[in-house]
Structure formats: C-alpha cells, structure tokens
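What follows is a set of notes on a single structure, which appears directly below.
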Amino acid sequence: MAANKKEPKGVRLDHISKIYKDPKTGKDFYAVHDVALEIEPGSFVTLLGPSGCGKTTTLRMIAGFESPDEGEIYLGGEPINELTPNKRDTAMVFQSYALFPHYNVFDNVAYGLRLRKVPKDEIRERVTNILKLVELSDMEQRMTNQLSGGQQQRVALARALVVEPGVLLFDEPLSNLDAKLRVQMRTEIRRIQQALGITAIYVTHDQSEAMAISDNIILMKGGVIAQMGSPTEIYYHPNSEFVADFIGECNFLPCTITGREGSDVVAEVYGHPVRVLSDKETTGNAEIVLRPEAIEIADQGQLPCKVELSCFMGSYQNYHVRIGDTLIKIADNCPIGRKIYQVGDDAFISFRSECAHLLAN
C-alpha cells in the first residue's frame with residue numbers, strides 16, 4: 001500500500017470573511033462572515049449546509065481560488081493568503097472530475113508529478129502505488145471516456161493524492177454519481193484517507209454523507225458557522241432548531257419546564273409530565289427534540305396520541321401520530337412480531353430521558 005511521505009498539516013481559519021456585491025442591488029454582502037476554526041492534522045472535516053451557506057466559498061479560499069477580504073488562513077502554521085493555488089500544499093478533487101480526455105489513466109494521474117519535474121522512475125512507482133490504493137491497477141492504459149463515473153472519480157482522487165499534499169480538498173465530489181455508487185465511493189474515500197492519514201476537508205450538502213465520513217462536521221448557514229462537532233454531538237445535541245432539522249429527521253415537542261429531578265429536567269407536554277436528561281438551568285417554555293427512532297409506540301406510555309399514518313417500510317414501521325396539535329414521526333425499527341397500529345388508533349408514545357434533547361426558546 002502507498003504511504004503518505006509527508007506529515008499531514010492542520011488548517012486554521014482566523015476570522016476569515018468574503019464579501020461579494022449583489023448584482024441586483026449593487027450592495028455588498030458577506031458570503032462568509034467571521035469564520036474561525038481549527039482543523040487538526042490527519043482529521044476528516046466536512047463543511048455542510050444548504051446552497052448559498054458559504055461552504056464552497058470557504059473551501060475555495062483554503063485552496064486559493066478565492067481570497068479572503070478579512071482574516072488569515074494558516075496551513076501547517078504558515079500564513080497562505082498571499083500564495084497562489086499551485087504554491088499551496090493542497091490538492092483539490094472537483095465535482096466535475098476535471099480529467100484530461102486525451103490522456104489515459106496513467107498520464108492523468110502522473111500529470112501533477114510531471115509538472116513538478118519528478119524523475120520518471122519515481123513517477124512510475126508513485127502512480128503505480130496510488131492506482132493500487134484506489135483499486136485501478138489494471139486500467140493504466142484506459143482512456144478516461146472508457147471509464148464509469150465511479151472509476152473516473154477514483155482517477156481524480158488518485159491524481160490529487162499522488163502529489164502527496166498536506167491537505168486534500170473535496171468540492172462535492174460525488175454529486176454526479178447515482179445513490180448506490182455515492183455510498184460506495186464515500187466509503188472508499190474515507191478508507192483511503194484513513195490509510196494515508198491525510199488531512200481532508202470535504203464540502204457537501206448531503207447530511208448522510210457528512211455523517212458517514214467525518215470526524216467533525218462544520219454546519220454552516222448564511223455564511224456563518226451554525227455548529228461544529230462530531231456527527232454524534234451534532235445529531236444528538238443540536239444547538240438550534242435549524243441544526244436539528246438539517247441533520248436527519250426530527251420532531252419538536254413544545255413543553256413547559258416545571259422543575260428538576262436529579263440529572264433530568266421535568267417538563268410538561270400537553271398536561272403530561274416527561275423527563276429529559278439535561279444540564280441546562282432553564283425555565284419556562286422550551287422544545288424537546290426527539291429523533292423518530294428514539295420513540296416507542298405502545299398501548300401504555302408517557303404521552304397519549306392518535307395514529308394518522310401507518311406505513312410498512314421494510315426495516316421499520318413508519319408512523320405519524322398526533323399529540324395535541326403536534327405531529328410526531330416515529331420509526332419503529334424491526335416491527336416484526338409486534339403490534340402494528342392502524343390509522344385512527346389511540347396509543348401512547350414513550351422515550352428515554354437520555355434520548356431527548358432540550359432546546360430553550
């Protein structure tokens with residue numbers, strides 16, 4: 001297996017901003033505003049968010065295709081704002097692959113090494129090793145138009161990796177692939193990144209993709225960071241309704257906090273007491289964040305409900321139930337052998353206090 005010869009580098013964004021002019025109004029606006037973060041060497045970090053949130057602009061500033069109007073970018077502790085893209089110790093894997101159609105696979109991968117005047121013998125060795133890593137060893141002589149989309153993406157990945165960058169950048173690299181191939185390729189990208197120990201910064205709008213491959217997720221909204229953390233932290237402990245709703249499906253139960261019992265907050269939901277594990281010292285109105293898979297439906301429980309949808313989805317039974325005037329989605333996993341509730345049935349939902357999360361209003 002190929003080994004990355006250089007130590008991976010960390011990236012620090014020191015309060016960077018990018019200002020554009022709105023073509024309609026002629027007014028300046030922040031595409032990225034005061035973004036400050038530190039990416040550890042060897043980690044896989046994903047910039048996630050809806051279209052227009054600033055994630056791609058942030059990546060392009062790291063790559064050198066855009067310049068920040070405020071703040072400084074550091075790569076391995078060195079300021080790089082003034083360096084052109086080819087002078088930065090980074091490599092980019094593009095959404096469009098950007099392969100040379102008149103070159104075969106070997107020559108596409110070797111292109112960056114030849115620009116760097118690497119000796120021929122070393123080029124042969126490094127390209128051979130990296131093609132083995134991306135499982136394209138037998139396709140050196142194929143032209144890129146003879147390859148599938150997944151194979152073309154592997155060539156683009158190999159071309160970026162072979163120059164042994166300190167940081168590898170991905171700009172929505174899987175968006176042109178079908179759903180099944182996307183899952184396969186994201187697994188491959190993560191495997192290769194871990195095998196090489198390289199620092200990777202990945203842009204996507206696909207939350208399941210971000211959850212599957214990241215050590216940490218940076219969720220952006222309107223040019224600023226909405227929340228940073230591990231996939232687990234962001235999924236189970238969102239800091240806002242936007243974050244909770246963007247990462248997976250979510251339910252929001254309105255409640256009134258009435259007190260505390262040990263490590264749990266006691267809240268009232270439509271006249272019924274429930275408990276939520278929380279260290280927040282808060283009172284008054286709030287929302288309980290509940291993931292569909294964290295809820296159980298049964299003949300007895302914490303909160304009475306009426307079933308409005310019951311749909312078999314294979315691995316789970318999908319329910320929509322009404323509690324007061326709030327619609328709640330339930331994913332009842334592996335329902336075989338259990339009671340299946342039908343539309344119009346009265347039932348109860350329950351959840352463990354540690355499976356709920358409190359958002360103060």
Shared hydrophobic cluster for I349 and V289 (ILVMFWY, side-chain gaps under 4.5 Å): no

Does I340 form a side chain to side chain contact (heavy atoms under 4.5 Å, CB included) with Q317? I'd like the steps, not just the answer. CA-CA 8 Å; I340 302 298; Q317 188 76 15; 3.6 Å; yes

Looking only at side chains, do D325 and Y270 share a donor and an acceptor under 3.5 Å apart? yes

Over all heavy atoms of both residues, which pair between A160 and P165 is shortest? Give the atoms and the distance, please. O-CD, 3.4 Å

Taking L174's backbone N and O only, do any of them form a donor-acceptor pair with R186's side chain (distance below 3.5 Å, no angle check)? no

With side chain to side chain contact (heavy atoms under 4.5 Å, CB included) as the criterion, how do V32 and S17 come out once you've worked through the C-alpha distance, each side chain's angles and the decisive distance to 0.1 Å? CA-CA 5 Å; V32 174; S17 297; 5.6 Å; no

Could you tell me the separation between the CG atom of L290 and the NZ atom of K329, rounded to the nearest 0.5 Å? 13.5 Å

ILVMFWY network linking F170 to V134, side-chain heavy atoms under 4.5 angstrom: yes

Is there a donor in the side chain of D215 and an acceptor in the side chain of S43, or the other way round, less than 3.5 Å apart? no

State, with a plain yes or no, whether a side-chain heavy atom of I201 is found less than 4.5 Å away from one of L168. no

Carefully, step by step, assess H357 and Y236 under the rule side chain to side chain contact (heavy atoms under 4.5 Å, CB included). CA-CA 7 Å; H357 177 68; Y236 287 118; over 6 Å; no

Test item: Q152 and L99 side chains (from C-beta on) under 4.5 Å apart, heavy atoms: yes

Pairs touching residues 169-181 that satisfy side chain to side chain donor-acceptor pair (under 3.5 Å), sequence neighbours left out: Q95-S175, E172-H205

With a 4.5 Å cut-off on side-chain heavy atoms, are I198 and F44 touching? no

Establish, from distance only, whether the side-chain atoms of T204 and D206 form a donor-acceptor pair under 3.5 Å. no

Nearest heavy-atom neighbours spanning G49 and F246: C-CZ, 3.6 Å

Just so I know, are the side chains of Q153 and E188 near enough to count as touching, which here means a heavy-atom distance under 4.5 Å? no

Any chance you could measure L115, atom CG, to N86, atom CG, to the nearest 0.5 Å? 9.0 Å

Answer yes or no: is there a donor N or O on one side and an acceptor on the other, between the side chain of T199 and the main chain of K9, under 3.5 Å? yes

Exam field: side chain K55 to backbone P50, donor-acceptor pair closer than 3.5 Å: yes

Nearest atoms (heavy-atom pairs only) where P79 meets Y74: N-CD2, 3.5 Å

Taking C-beta and beyond as the side chain, do C255 and E287 meet within less than 4.5 Å on heavy atoms? no

Let's go through I73 and M61 carefully: what are the C-alpha distance in whole Å and the side-chain angles of both, what is the deciding distance for side chain to side chain contact (heavy atoms under 4.5 Å, CB included) to 0.1 Å, and is it a yes or a no? CA-CA 8 Å; I73 301 171; M61 285 192 283; 3.9 Å; yes

Between V118 and I123, which heavy-atom pair has the shortest distance, and what is it? O-CD1, 3.2 Å

So, the side chain of T326 versus the backbone of R322: is there a donor-acceptor pair under 3.5 Å, distance only? no

From K120 atom NZ to L113 atom CG, the distance as rounded to the nearest 0.5 Å: 14.0 Å

Does E296, at its CD atom, have more than 12 non-hydrogen atoms belonging to other residues, nucleotides or ligands within less than 6.0 Å? no

Contacts of type salt bridge (Lys or Arg N to Asp or Glu O under 4.0 Å), residue K221, not counting sequence neighbours: none

Distance col, row L359:CG vs I288:CD1, nearest 0.5 angstrom, shows 10.5 Å

Do you see a donor-acceptor pair shorter than 3.5 Å between the side chains of S240 and Q227? no

I need the L131 CG to L161 CG distance, nearest 0.5 Å. 10.5 Å

Please say yes or no: joined through hydrophobic side-chain contacts below 4.5 Å, possibly via intermediate residues, are L47 and V93 part of one cluster? no

Verify, without hydrogens or angle tests, whether R338 (side chain) and C334 (backbone) share a donor-acceptor contact under 3.5 angstrom. yes

Side-chain donor or acceptor of T46 paired with backbone N/O of S214 under 3.5 Å: no

Expected output: side-chain E72 to main-chain N81 donor-acceptor under 3.5 Å: yes

Quick check on R352: does its CZ atom have over 12 non-hydrogen neighbours (other residues, nucleotides or ligands) under 6.0 Å away? no

How far does CD1 of I257 sit from OG of S278, to the nearest 0.5 angstrom? 7.5 Å

Heavy-atom closest pair (S230 atom, N216 atom, distance to 0.1 Å) is N-OD1, 3.3 Å

Going by heavy atoms in the side chains, are F348 and I297 under 4.5 Å from each other? no

Under the salt bridge (Lys or Arg N to Asp or Glu O under 4.0 Å) test, residues paired with E82 that sit two or more places apart: none

E140 (side chain) donor-acceptor with V105 (main chain) under 3.5 angstrom: no

Could you tell me if E70 and Y30 have a donor-acceptor pair between their side chains, going purely by distance under 3.5 Å? yes

Counting only heavy atoms not in Y111 (residues, nucleotides, ligands), do more than 12 fall under 6.0 Å from its OH? no

What residues form a side-chain hydrogen bond (donor to acceptor under 3.5 Å, both in side chains) with E268, not counting sequence neighbours? none

Main-chain N/O of V266 paired to T258 side chain as donor or acceptor, under 3.5 Å: yes

State, with a plain yes or no, whether a side-chain heavy atom of C305 is found less than 4.5 Å away from one of I323. yes

Any heavy-atom pair between the side chains of K339 and D299 that's under 4.5 Å? yes

Look at the side-chain heavy atoms of Ile, Leu, Val, Met, Phe, Trp and Tyr, link any pair under 4.5 Å apart, and say whether M228 and V11 land in one connected group. yes

Closest non-hydrogen atom pair, L358 against K280: O-NZ, 2.6 Å

Applying salt bridge (Lys or Arg N to Asp or Glu O under 4.0 Å) to K306 and not counting sequence neighbours gives D346

Any chain of hydrophobic side-chain contacts (each under 4.5 Å) joining V167 to I213? no

Side chains of Y202 and E209: do they bring a donor and an acceptor to under 3.5 Å? yes

Please name all residues satisfying salt bridge (Lys or Arg N to Asp or Glu O under 4.0 Å) with R275, sequence neighbours left out, ordered by chain then number. E261, D264

Give a yes or no on whether the backbone of I19 and the side-chain of D28 come within a donor-acceptor separation of less than 3.5 Å. no

Will you find, in the side chains of N108 and Y97, an N or O donor that is under 3.5 Å from an N or O acceptor? no

Does the side chain of R154 pick up a donor-acceptor pair with the side chain of Q151 at under 3.5 Å? no

Should E293 and R291 be marked as a salt bridge (charged side-chain N to carboxylate O under 4.0 Å, His left out) after you check the CA-CA gap, both sets of side-chain angles, and the distance that decides it? CA-CA 6 Å; E293 71 275 9; R291 299 293 180 181; 5.6 Å; no

